[in-house]
Amino acid sequence: MLRPARAMSVAVTAALLSLTTLVTAGSAHAAGVNYVALGDSYASGLGAGSYTSESGSCKRSTNAYAYLWKNAHAPSSFSFLACSGARTGDVLNNQLSTLNSATTLVSISVGGNDAGFASTMQTCVLDSESACLNAVATAKNYATSTLPGKLDQVYSAIHAKAPNARVVVLGYPHLYKVGGSCIFGIGDTKRAAINGAADALDDVIAKRAANAGFAFGDVRSIFREHEICGSSTTWLNSTTLPVEESYHPKAAGHSGGFLPVFTAQA
């Protein structure tokens, strides 16, 4: 029979060996990952600060969820091509060059700019309630009627160029807490309409992703209570300077919101 001290030593040694095996296995898995990050400003990290010098106006941030995942998992290769302002056509024309049969993981968020996200937000913040509701209705109509075909083109091109990759499509969060408290800002009718546009956009993206055989990362629930007007720990920029960073996730939105959702799907 082993003495207590001896038994403890054996147990600790076994535990350390087991942990070493798990870490080694995990590292080996990460070492085989070739990751390409595509998409628009929500993927590039606009609003999260710490932009890479090479990215220029694309505003790729080291605080973006793709970059954070890369730092945590050390994949064999990492290509970060997401760009602020990108539409589906920009992804097709400018962001697919590094995809190939060796690519094993792809992330993408795109569609918001196609549907007129920036102009809709400008109308809702600066103009009347009726003008806001009309702008939202136009965006939702585009999302349900025209965007599906454009997403299909993007997803088909990704699959053709990277047939062995797991593709994770990230959606968009609600921007506002309806009924929340803000010293300045828009009313609940406008807030609810804007959130409704996000729902319409996410519904379309989720369906097209599923049709393509891709995973969909829904970030709406994890952002709950962290929306604008939701709490003191909002993960989203309200109206801010520079203006282009308004209504985009802060660094906390990427680390606390997008990153865990992406990681769970990757």
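As the structure is a computational prediction, the values presented were derived from the model and not from experiment.
Inspection of the S50 and Y67 side chains reveals no N or O donor paired with an N or O acceptor under 3.5 Å.
Under the rule for a side chain to side chain donor-acceptor pair (under 3.5 Å), H254 has no partner lying at least two apart in sequence or in another chain. Partners of Y155 according to the ring-ring contact (aromatic ring centres under 6.0 Å, His included) rule, which considers only residues two or more places apart in sequence or in another chain, are F214. Taking E225 as the reference, K177 meet the side chain to side chain donor-acceptor pair (under 3.5 Å) condition, with sequence neighbours excluded. Every residue meeting the salt bridge (charged side-chain N to carboxylate O under 4.0 Å, His left out) condition with E244, not counting sequence neighbours, appears here in chain and number order: K59.
Electrostatic pairing of R191 and D188 counts as a salt bridge here, judged by a charged N lying under 4.0 Å from a carboxylate O. Between R60 and E54 there is a salt bridge, since at least one side-chain N of the basic residue sits less than 4.0 Å from a carboxylate O of the acidic one.
Note on residues 192-207: pairs passing side-chain hydrogen bond (donor to acceptor under 3.5 Å, both in side chains), not counting sequence neighbours, are H174-D199, D199-R220, D202-R220.
With a 4.5 Å cut-off on side-chain heavy atoms, I108 and I158 count as touching. Using a 4.5 Å cut-off on side-chain heavy atoms (C-beta onward), P173 and V219 make contact.
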Listed pairs under 3.5 Å, donor-acceptor, residues 77-84 side chains, sequence neighbours left out:
from, atom 1, to, atom 2, distance (Å)
S77, OG, N34, OD1, 2.8
S79, OG, T98, OG1, 3.0

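Note on L92 and L151: same hydrophobic cluster, where clusters join Ile, Leu, Val, Met, Phe, Trp and Tyr whose side-chain heavy atoms are under 4.5 Å apart, directly or indirectly.
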